[in-house]
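Data first, discussion second: the structure below is written as structure tokens.
So that the names make sense, note that chain A is the first sequence line, chain B the second, and so on, each numbered from 1.
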There are 2 protein chains.
Amino acid sequence: MGTRSVTKDLFLEERRQEILRRVNELGRVSVGDLSQEFCVSEVTIRADLQALADSNLVVRTHGGAVTANRALPDISLSSRLTQQVREKDRIGEAGAAMVMDGDAIFLDSSSTALAIARQLKGRRHVTVISNSLAVAQEMLDAPGVTVVMPGGTLRRETASLIRADSLDALRRFNIQKGFFGAHGLSVPEGLTDVSADEADMKRPLVAMCRRVIAIVDATKWGRVGLASFARLDQIHCVITDSHVSAEWMDQVRAQGIEVIAV
Amino acid sequence: MGTRSVTKDLFLEERRQEILRRVNELGRVSVGDLSQEFCVSEVTIRADLQALADSNLVVRTHGGAVTANRALPDISLSSRLTQQVREKDRIGEAGAAMVMDGDAIFLDSSSTALAIARQLKGRRHVTVISNSLAVAQEMLDAPGVTVVMPGGTLRRETASLIRADSLDALRRFNIQKGFFGAHGLSVPEGLTDVSADEADMKRPLVAMCRRVIAIVDATKWGRVGLASFARLDQIHCVITDSHVSAEWMDQVRAQGIEVIAV
DNA sequence: GGTATTTTACGATTTCTTTCGGAAAAGCGC
DNA sequence: GCGCTTTTCCGAAAGAAATCGTAAAATACC
């Protein structure tokens, strides 16, 4: 029946690539159509869509999938913040507790990094290096904290600066600890982000930090984003919440990484 | 326009997305209309509206739904309190009018520069270079505008970055116009600022701008701040308000400087 | 042999509809 | 204004159809 052009036998990766291309082109795809197009069973297509959805490349719906921009917005920002504010705060406390007076630390543009910043407000002689507008804004009323930002181009999605022309200027700082949020944490890929630009920004910073601390809530474990910015052996510590399976934590601890579940 | 009927079979997510779009566009929707439009029962529509209401995306009413009054508290500067808002806005308009599509411009951390930024929101292919957090924050929802910030240390009083380690990175931009607020404008001292650090930041930037535009309201004329950052012969244009004496303006015009009083 | 991929089978889940009792708005007579 | 009826709208329940996920079997490939 498959009189369409794509009767060719495709490898799994090729098929998923093609599905992704189609979603981005048409905005939506249905399981039934794809099944006919590629001459595979619907179960296979569902597995494909599931995989793409796991990487946040498409949004799964009943009967098919749509592009992210056609999907419903997440729970509104305010309610999501209130929902997870407890966990974020606890992660923020744990992170802030690791910062000594006199330290220079890096905070990225994740919301968890912002939580750490909030906990640092009363500190003195702390230098915060960050590419996040929100972190800088937050520290406006923290007179004991010096804030340094690398230059760059504003990325709207995260209110952060990317494509820094010269991170060299930061090399004169001896950055004791770097706190990095991530979109995914997995053993083979390490820390990943959905934005290649953001990852490009973080990669050299990871190398500049004496101690790299990943801050990832339970939902991020096992997920893989578009671009990797830190291998697992570059990470010294992971701060997460208590909803992570012991199995996963053991797997990461086996790599010699400290795991703190708050 | 308006009555485009949707007979297509939509996924649940798509239908809700479309409903949300309609609510935000029209302000209100009715259960009956939506039921006909999407060819589903009213019960289904009610479930949709309920779901959207649960996420605070719409407000449920009898017979339909209306937009959620999304009054997100803006965390921008409290500079709106000043009584010179009107004049600031007019100066902002005059400044924005000088910016062409395709331009790269510099905006400093003055409140008048922020007023210019507000007027640039709808523009496309404009690059704004600024050391002001407020300007960057303001442009977060201006997708046609590229924002570039030089790196530096946060100065709390003005929410700006100073002591940039490498303005060299900005030299690759051909900055057509630079808008500089100042604490004082006088013939012998030129443009002055109260902060030496801030002045140190602006001085090289003045040299990098093809056209230097000073934005100073009437109160700044004849005043002299701590540190000078631009001689009068480096300035090409002054935007000010109409409360400046003709005598002052003539004196500056005599230097070959264009003076615009709004 | 072994591994990776896909299919088939089937019970579970989601989505949508119809139905129905009750609540909310709208008319209406006063 | 006040009570009354009528209409509209709501939410819950139950059932039908489509879709889903899982797990074991089948196929392909090395």
### Query
Between B:E13 (CD) and D:dT19 (C1'), how many Å, whole number?
15 Å
### Query
Any sub-3.5 Å donor-acceptor pair from A:E14's side-chain atoms to A:F11's backbone N or O?
yes
### Task
With heavy atoms under 4.0 Å as the rule, sort B:S35 into base, sugar-phosphate or nothing.
nothing
### Query
Can you check side-chain contact (heavy atoms from CB on, under 4.5 Å) on B:E37 and B:R22, steps first, answer last?
CA-CA 12 Å; B:E37 286 275 347; B:R22 249 173 237 218; 3.4 Å; yes
### Task
Using a 4.0 Å cut-off on protein heavy atoms (strictly under), produce a 5'-to-3' string for nucleotides 8-26 of chain C with B for base contact, S for backbone-only sugar-phosphate contact, and - for none.
BB----SSSBBB----SS-
### Query
Sequence neighbours excluded, which residues qualify as salt bridge (Lys or Arg N to Asp or Glu O under 4.0 Å) partners of B:D48?
B:R15, B:R16
### Query
Quick one: do A:D108 and A:K202 make a salt bridge, cutoff under 4.0 Å?
yes
### Message
Do A:V216 and A:F180 have side chains that approach each other closer than 4.5 Å (heavy atoms only, starting at C-beta)?
### Response
no
